[in-house]
Amino acid sequence: MIAAIKPAGSNTRGLLAYLYGRGTHDEHLDPHIVAAFAMLAMPDPGRNEMATLTELGHYLDEPVRLRNSEFGKPVTDHVWHCPVRAAPEDRHLSDAEWGEIARRIVAAAGISPEDDNLACRWIAVRHADDHIHILATTVREDGRRPKLHDSGIRVGDECREIEKDYGLRQLKKGDRTGTRRPTQAEMHKAERLGWEQTSQQWLEDRIRAAIPHVTDAEELLAYLEADDVLVKPKRGPSGDLLGYAVGRPGDLNKDGAQIYKPGGKVAPDLSLPKLKTRLETSQPEEHPTARRNRPTTPWHQATDALDTLHSELADTSTGDEGGDARVQAHIAALGELMEATAQKAPADLRVELQAASKAFARAQRSQIRAEDRAADTVRIAARDIVHTATGPDGSALAALLAALVWATIVAGRWHEAKHHAHQADAARRAVQHLQVAADHALVPTLAELERRQPKQEARRTLAGDVRAVVPDHAERILTDAGWPALATVLADAEARGHQPHQLLREAAAQRELATARQPARVLITRIQHTGRNPVPNRRAEAARRRSTTGTWPAGSATSAPQQAGPAATPGRNNRPRR
């Protein structure tokens, strides 16, 4: 059940004319009052020919006129309007049930609290089976105004209780982090102008698409202007940027003036203060144990960056407030990486990736305040992707998309653990689109790997590694259609000096396999990424570090350069030849 409180109005008689009228498409059948304030002494214009809408309007407005006659400043925003609609699949509700629902909603809103004989005047009109309209005049019988702050939240909470009590479809509880739904007027305007999106949706998409490209708020505004968005900055006397508003070309008000919307009204996380904290990143310090063979493309770097995100998201049991702030920051940055990937991915994947990014926007924000600097690694990876001039090779893209799928799954689990229903649902929808793209991206890689799969004896040896390392999932992996391709990947990695059983262990630790639809494919992308470089020569690496520092550990077996000896060959001996 949805109760949508409309902006305050000033014309009671005009709203009554709509409620009792025929509707724009003759859809208003038998309009009549199902509930009203306790002092209603007027007959129902829908059921009594002697009653008029003008008389009913005057009666509802009486406390307003009395207040205006006593005070110098008249009340002009006194019409409160709230349509209440049941879901299409809900059962038919009687007039009596709709009347009780209306009483609960006006009580929750503060229009007419229970047992308050001096509350506002209101009526509930039903002109269709599936909804009612509540009209109230927001001046009490004692001349005071009702306290309506946060009434939308209270009404929404009451609707969730009504759904339980009446056995209706249960919606998710709001948390004040969602974007405003387009009004009917906005949707009709977009349709009239031939736009596929309302202005607010169009502006939100443009701002989110710009975020991975910029490093500060000034760059963001310049990028938006270059993308045909109208920008109106708000500056202080010193020239410092204090705020901004954006407009869509051609979006004019009734007077022909351009309409601008503040960033925070476009979406809660797009206000200037929140954007500033997200955009101002610093290059994170390199971990001292980072591999010397660094990834050569932004796509590999992004996949590595998601490893840090996985570790932050993996533990959903902690109640640490600082940990939650770091996780929220990584989820926001994950959305930026998703958007960047969608912009630079091949055309045949772009539609699904853009749909995933759009769906995940709802999962990027919650009531937990993000510690944005914690996610600099992921955010910088997103910027590197949108600024690269070359596209990804097949295996690099497949690895990144597989990592995005898993990161989004884990993000959804974290939201579920925190009871963020809307965000968890958004993450699930994003995963569906990402999985389609990931499967499509892996097809050519699988075909090439299966074409050159190792010989049967080598596959048997590698199958033994699988049974030893992941015994609980071994049969699912070995019977997966992707097993021949996985065997090729393991053989290739072993040829570069890696130990297949170690790569399998690392991959299984990075991505649990119980929920994987095709576990062999999951391992392929992961092992291709981690095993793409040759294994570094440990003794040569130690000699390099000693020559850099100029010091030698006392008592070390390699305390002098001439003692370094030949490089040891990694890997296992007596393996079948490929």
Side-chain angles (χ1 to χ4, degrees), residues 1-9 12 15-16 18-20 28 31-40 42 44 46 56-57 59-61 63-64 77-141 144-176 178 180-181 183-184 422:
M1 179 167 287
I2 296 176
I5 300 174
K6 303 298 184 181
T12 306
L15 181 54
L16 286 171
Y18 167 74
L19 298 182
Y20 282 93
H28 295 180
H32 58 280
I33 294 175
V34 295
F37 71 104
M39 296 171 61
L40 179 64
M42 288 289 299
D44 182 359
L56 179 57
Y59 190 63
L60 294 171
D61 279 342
V64 182
D77 59 345
H78 61 281
V79 181
W80 189 84
H81 178 207
C82 180
V84 185
R85 186 178 299 274
E89 63 269 28
D90 284 339
R91 64 179 178 84
H92 181 272
L93 297 170
S94 67
D95 281 358
E97 289 174 316
W98 273 119
E100 179 57 31
I101 289 169
R103 292 184 185 92
R104 292 176 63 169
I105 286 176
V106 294
I111 293 292
S112 181
E114 294 183 11
D115 302 323
D116 187 346
N117 295 326
L118 299 178
C120 300
R121 298 186 177 190
W122 63 275
I123 60 171
V125 176
R126 182 181 189 180
H127 56 207
D129 287 342
D130 63 347
H131 72 280
I132 60 173
H133 290 259
I134 304 174
L135 183 159
T137 51
T138 56
V139 174
R140 292 165 48 88
E141 298 289 345
R144 295 185 293 120
R145 302 296 300 273
K147 296 179 180 179
L148 300 180
H149 180 67
D150 285 343
S151 61
I153 299 296
R154 297 194 299 272
V155 167
D157 291 345
E158 186 63 27
C159 284
R160 304 293 81 77
E161 296 302 318
I162 290 171
E163 291 160 357
K164 296 177 184 177
D165 296 342
Y166 285 82
L168 307 177
R169 176 187 174 186
Q170 294 189 17
L171 302 180
K172 299 176 178 65
K173 187 175 180 180
D175 62 358
R176 307 182 73 175
R180 180 180 62 81
R181 291 177 178 271
T183 64
Q184 284 191 340
H422 294 279

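Throughout, numbering of the chain's residues begins at 1 and tracks the sequence. Values below: all heavy atoms of this structure, side chains included; hydrogens, waters and symmetry mates excluded. As the structure is a computational prediction, the values presented were derived from the model and not from experiment.
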TODO: Kindly say whether Met1 contributes a backbone atom to a donor-acceptor pair with the side chain of Arg160 at under 3.5 angstrom?
DONE: yes
Open item on the list: Give me the atom names and distance for the closest heavy-atom approach of Tyr59 to Arg121.
Closed with: O-NH1, 2.6 Å
Open item on the list: Could you report the tightest heavy-atom contact between Ala109 and Arg154, atom names first, then the distance?
Closed with: O-NH2, 2.8 Å
TODO: Evaluate the side-chain proximity of Thr12 to His78: yes if any heavy-atom separation is below 4.5 Å, no if none is.
DONE: yes
Open item on the list: Between Arg103 and Gly99 (side chain of the first, backbone of the second, donor and acceptor by atom type, cut-off under 3.5 Å), is there such a pair?
Closed with: yes
- [ ] Verify the neighbour count for atom NE2 of His149: are there more than 12 heavy atoms of other residues, nucleotides or ligands below 6.0 Å?
- [x] no
Task: Separation between OG1 of Thr138 and CG of Leu148, rounded to the nearest 0.5 Å - done: 6.5 Å
TODO: Indicate yes or no: at least one non-hydrogen side-chain atom of Glu141 is less than 4.5 angstrom from one of Asn117.
DONE: no
Open item on the list: Would the distance check show the side chain of His422 and the main-chain N or O of Lys172 forming a donor-acceptor pair, the cut-off being under 3.5 Å?
Closed with: yes
Task: Counterpart residues, ring pair (Phe, Tyr, Trp, His ring centres under 6.0 Å), relative to His81 (two or more places apart) - done: His133
Task: For Pro146 against Gly110, the heavy-atom pair lying closest together - done: CB-O, 3.5 Å
- [ ] Measure from the side-chain N and O atoms of Arg126 to the backbone N and O of Asp129, and report whether any donor-acceptor pair falls under 3.5 Å.
- [x] yes
Task: Whether Glu163 side chain and Leu171 backbone form a donor-acceptor pair below 3.5 Å - done: yes
Open item on the list: Please find the pair of heavy atoms, one from Trp98 and one from Ala86, that lie closest to each other, and give the distance.
Closed with: CH2-N, 4.0 Å
Task: Closest non-hydrogen atom pair, Ala3 against Val155 - done: CB-CG1, 3.5 Å
- [ ] Return the minimal non-hydrogen interatomic distance between Ala102 and Ala35, and the atom names on each side.
- [x] CB-CB, 4.3 Å
TODO: Could you tell me whether the side chain of Asp44 and the main chain of Ile33 form a donor-acceptor pair under 3.5 Å?
DONE: yes
Task: Test item: Asp77 and Arg145 side chains (from C-beta on) under 4.5 Å apart, heavy atoms - done: yes
Task: Leu15 CG to Lys6 NZ distance, which is reported to the nearest 0.5 Å - done: 11.0 Å
TODO: Calculate, to the nearest 0.5 Å, the distance between atoms CZ and CG belonging to Phe37 and Leu60 respectively.
DONE: 6.0 Å
Open item on the list: I'd like to know whether CZ of Arg91 has more than 12 heavy-atom contacts from other residues, nucleotides or ligands below 6.0 angstrom.
Closed with: yes
Open item on the list: If I take atom OG1 from residue Thr137 and atom CD1 from residue Ile123, how far apart are they, to the nearest 0.5 angstrom?
Closed with: 9.5 Å
Open item on the list: Taking the side chain as everything from C-beta on, heavy atoms only, tell me whether Ile134 gets closer than 4.5 Å to Val84.
Closed with: yes
Open item on the list: I need the His127 NE2 to Leu19 CG distance, nearest 0.5 Å.
Closed with: 6.5 Å
- [ ] Not counting sequence neighbours, which residues clear side chain to side chain contact (heavy atoms under 4.5 Å, CB included) with Ala87? List them please.
- [x] Glu89, Asp90, Arg169
- [ ] Hey, could you give me the CD/CG distance between Glu97 and Asp95, rounded to the nearest 0.5 Å?
- [x] 9.5 Å
Task: Asp165 atom CG, over 12 foreign heavy atoms within 6.0 Å - done: yes
